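Okay, structure first, notes after.
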Amino acid sequence: MKKTILTGIRPTGNLHFGHLFGAVSNWIKLQDDYDTFIEIADVQALTDNFNNPEKVRDHVLELTIDLLAAGLDSEKVHIFLQSEIKEIAELTVFYSNLVTMARLYRNPTVKTEIAQKKALFGNDGESVTYGFVGYPVSQAADITALQGDLVPVGEDQLPLIEQCREIVRKFNHIYGETLKEPEPYLSENARIKGLDGKEKMGKSLGNAIYLKDSDEELKKKIMGAVTDPKKIKKDDKADPEVCMVYYYHKLIKNDNIKTVCSECKAGKRGCVFCKQELYQKMLEYLKPFKEKRKYYEEHIDEVKKILQDGTSCAREKAENTMKDVKKSMKIDYFEERG
Ligand code: TRP
Ligand code: SF4
């Protein structure tokens with residue numbers, strides 16, 4: 001039997017290069033060998049966006065289209081919607097007894113996010129809701145409801161997987177062996193740098209290149225990229241290793257990469273030309289993606305069907321988990337007890 005992969009993504013924006021190279025390319029590789037479930041984590045997105053439900057709603061189908069266009073195969077993976085699986089919400093309630101507040105506050109991911117919120121909204125903690133502090137518990141419910149063996153994530157999510165493993169151990173210890181303890185599966189390219197030279201590409205950092213960007217937007221972003229600051233004139237020699245344009249030539253595996261490198265080092269290549277070349281190569285790189293995206297945009301009913309089918313499949317699995325969980329917790333009042 002194939003092992004199960006469970007991972008999730010919050011529908012708060014479109015897919016960008018950071019997602020693609022950091023996570024999604026990994027999921028695409030794994031989809032042949034594992035029973036793969038990809039959760040559109042709309043309930044989790046609401047922990048941060050409860051006052052902006054439109055944003056979450058608008059991105060559910062948008063993100064599904066992005067994922068399909070990026071190369072997830074609807075015949076192989078189950079893309080499903082978190083809010084449609086009520087067992088996840090139920091498990092969240094049951095697991096909440098197994099986690100202390102102190103442990104949640106110590107979770108490094110939560111800790112960082114709380115610090116960010118306080119920096120943004122003031123230090124009185126008013127912006128930190130119960131639902132937000134508890135999202136690792138709901139993420140543990142996502143993973144265990146689907147009985148995930150492996151959870152492919154970036155490094156920043158490791159503390160959440162660890163917290164899930166603790167919940168599973170505690171549950172099994174108290175109520176008897178019931179849940180599967182998942183393993184994290186680290187993406188190889190976990191972090192993609194921005195064209196602005198920042199260590200990470202992110203929507204909130206304002207440096208993301210979206211797969212959906214128009215040609216003009218893409219061009220503008222590339223032309224504004226950070227290059228070797230020592231290079232002023234076209235024939236100055238430069239160091240490609242400190243240049244973001246070079247970094248992206250490499251990322252998309254430009255077959256001309258050796259020439260880019262040697263010409264840059266020899267002062268035989270101007271940055272404007274180099275950026276134009278990157279732009280052309282990026283257009284080529286993105287072409288199949290854009291074609292698929294266009295197809296799905298024009299066949300939105302097909303996208304909805306894919307999401308519905310994935311959700312049905314996930315629901316069936318979650319219902320089975322719930323039966324076991326209720327039995328172990330002795331809250332299966334109307335079931336025959338064997
Ligand atoms: N927290 C993850 C993120 O922000 C998204 C997510 C939701 C997830 N549920 C999950 C990841 C379950 C792995 C497993 O990227
Ligand atoms: Fe970067 Fe290309 Fe300019 Fe070299 S020539 S610094 S690689 S943009």
Side-chain angles (χ1 to χ4, degrees), residues 1-11 22-24 26-27 30-31 33-47 67 72 77-99 103-104 107-110 113 131-175 177-187 190 310-311 313-326 328-329:
M1 246 200 19
K2 282 186 183 175
K3 286 196 169 183
T4 299
I5 279 193
L6 179 285
T7 191
I9 186 160
R10 296 182 182 200
V24 179
N26 219 13
W27 306 347
L30 296 166
Q31 65 183 349
D33 300 324
Y34 293 88
D35 197 15
T36 305
F37 289 86
I38 312 282
E39 179 186 87
I40 308 286
D42 60 337
V43 178
Q44 188 177 114
L46 285 165
T47 59
L67 290 171
L72 284 171
V77 301
H78 313 287
I79 305 178
F80 72 97
L81 190 56
Q82 184 185 11
S83 58
E84 286 292 314
I85 312 286
K86 64 179 174 20
E87 287 76 11
I88 293 177
E90 277 182 86
L91 286 176
T92 305
V93 175
F94 300 156
Y95 296 168
S96 65
N97 294 326
L98 308 178
V99 185
R103 175 64 182 87
L104 283 171
N107 181 313
T109 311
V110 175
E113 286 167 333
F132 171 76
V133 180
Y135 95 78
V137 183
S138 117
Q139 188 157 321
D142 297 341
I143 298 168
T144 52
L146 278 292
Q147 297 162 38
D149 294 292
L150 282 182
V151 188
V153 284
E155 211 154 338
D156 63 317
Q157 292 285 309
L158 286 179
L160 283 113
I161 312 302
E162 193 45 46
Q163 184 125 43
C164 173
R165 287 163 60 88
E166 279 176 39
I167 291 173
V168 168
R169 288 198 291 268
K170 198 157 174 186
F171 188 103
N172 289 343
H173 178 72
I174 297 172
Y175 303 116
E177 216 39 58
T178 313
L179 301 171
K180 223 187 251 179
E181 194 172 325
E183 303 269 351
Y185 187 102
L186 256 196
S187 320
T311 303
C313 194
R315 187 179 295 123
E316 201 176 306
K317 239 181 143 169
E319 282 168 355
N320 284 332
T321 307
M322 188 50 72
K323 278 200 189 109
D324 295 344
V325 162
K326 286 197 159 177
S328 298
M329 292 181 72

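Because the structure is a prediction, the values reported are computed rather than measured. Values below: all heavy atoms of this structure, side chains included; hydrogens, waters and symmetry mates excluded. Here, residue 1 is the first one in the sequence, and each next residue gets the next number.
- For R10 and Y135, the positive end sits near the middle of the six-membered ring, less than 6.0 Å away and at most 45° from its axis.
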Query raised in the report: So E39 and I88, side-chain contact (heavy atoms from CB on, under 4.5 Å) or not? Walk me through it.
Result: CA-CA 11 Å; E39 179 186 87; I88 293 177; 3.5 Å; yes
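- Nearest heavy atoms, P11 versus A45: CD-CB, 3.7 Å.
- Rounded to the nearest 0.5 Å, atoms CD (E316) and NE2 (H78) are 10.0 Å apart.
- Between T7 and P152, the shortest heavy-atom distance links the atoms OG1-O, 2.9 Å.
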Requested in this report: Evaluate the criterion side-chain contact (heavy atoms from CB on, under 4.5 Å) for residue pair V77 and F37; output intermediate values, then yes/no.
Outcome: CA-CA 6 Å; V77 301; F37 289 86; over 6 Å; no
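- The residues K180 and D149 are annotated as salt-bridged, a charged nitrogen and a carboxylate oxygen being separated by less than 4.0 angstrom.
- Contact between L67 and V24 at its shortest, heavy atoms only, is CD2-CG2, 4.0 Å.
- Atom CG of L146 is separated from atom CD of E87 by 10.0 Å, given to the nearest 0.5 angstrom.
- Taking NZ of K317 as the start and CG of D35 as the end, the distance is 5.5 Å to the nearest 0.5 Å.
- Remark: the backbone N or O of Q157 is not paired with any side-chain donor or acceptor of T109 at under 3.5 angstrom.
- One distance of note links CZ of R103 with NZ of K170; it measures 10.5 Å at 0.5 Å rounding.
- There is a side-chain donor-acceptor pair under 3.5 Å between Q139 and Q44.
- Side-chain polar atoms of T144 and Y95 form a donor-acceptor pair below 3.5 angstrom.
- Annotation: side chain of I174 is in contact with side chain of L98 (closest heavy-atom distance under 4.5 Å).
- The shortest distance between side-chain heavy atoms of L46 and F132 does not fall below 4.5 Å.
- Donor-acceptor pairing under 3.5 Å is recorded for the side chains of T178 and S328.
- In plain terms, the two heavy atoms of V137 and S96 that are nearest each other are CG1-N, 3.9 Å.
- The main-chain N or O of P136 is never found under 3.5 Å from a side-chain atom of S138 such that the two would form a donor-acceptor pair.
- Judged purely by atom type and a 3.5 angstrom limit, T311 uses its side chain to pair as donor or acceptor with the backbone of L81.
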Query raised in the report: What do the steps show when you test M322 against E319 for side-chain contact (heavy atoms from CB on, under 4.5 Å), and what is the final call?
Result: CA-CA 5 Å; M322 188 50 72; E319 282 168 355; 5.5 Å; no
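- The side-chain heavy atoms of T4 and L150, taken from C-beta on, include no pair separated by under 4.5 Å.
- Counting heavy atoms from C-beta outward, I5 and V151 have side chains that stay 4.5 Å or more apart.
- Defined by atom type and a distance below 3.5 Å, a donor-acceptor pair is present between the side-chain atoms of T321 and Q147.
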Report task. Kindly indicate, with the supporting measurements, whether the criterion side-chain contact (heavy atoms from CB on, under 4.5 Å) is fulfilled by F80 and I38. Result -> CA-CA 6 Å; F80 72 97; I38 312 282; 5.9 Å; no
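- Rounding to the nearest 0.5 Å gives a distance of 10.5 Å between CD1 of I143 and CZ of R165.
- Nearest heavy-atom pair, I161 versus E183, reported as atom, atom and distance to 0.1 Å: CG2-C, 4.4 Å.
- Here E162 contributes atom CD and I167 contributes atom CD1; the two are 11.0 Å apart, rounded to the nearest 0.5 Å.
- Nearest heavy-atom pair across P184 and L158 is CB-CD2, 3.6 Å.
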